[in-house]
Amino acid sequence: MPGTTAEPEGPAGPQPIGVGVTPTGEAAVDAGLRRLADADHLPASGHLQVYEDVHRGLRDVLAGLDQHPGPLAPSSTTHDNRS
């Protein structure tokens with residue numbers, strides 16, 4: 001029938017959501033953010049693996065911030081050890 005549009009033959013494949021990413025300047029964090037784009041090319045069932053991978057990487061970066069590479073800062077409290 002003229003003027004009608006054909007129905008798609010099956011479900012559409014994964015479509016990118018196009019979320020923009022602003023670089024942070026921290027290489028490991030930026031790599032994780034770029035990794036999120038991998039989910040754009042996967043069916044929803046594959047998203048969880050990508051998200052968990054990125055989350056693990058970001059958690060490792062944060063844990064690394066807790067490790068103090070240099071001498072500890074002086075304590076803000078003073079102790080008088082004289083008897």
Report all side-chain donor-acceptor pairs from residues 56-64 shorter than 3.5 Å, counting only partners two or more places apart or in another chain.
unit_1 : atom_1 : unit_2 : atom_2 : d
Arg59  : NH1    : His55  : ND1    : 3.3

For this session: Test side chain to side chain contact (heavy atoms under 4.5 Å, CB included) on Val21 and Leu36 and set out the steps.
Result: CA-CA 10 Å; Val21 175; Leu36 289 174; 5.9 Å; no
Problem set entry | Joint cluster assignment, Tyr51 & Val29, ILVMFWY side-chain distance < 4.5 Å | yes
Exercise. Partners of Arg35 by side chain to side chain contact (heavy atoms under 4.5 Å, CB included), sequence neighbours excluded?
Worked result: Asp38, Val50, Asp53, Val54
Exercise. Is any side-chain heavy atom of Arg34 closer than 4.5 Å to a side-chain heavy atom of Asp30?
Worked result: yes
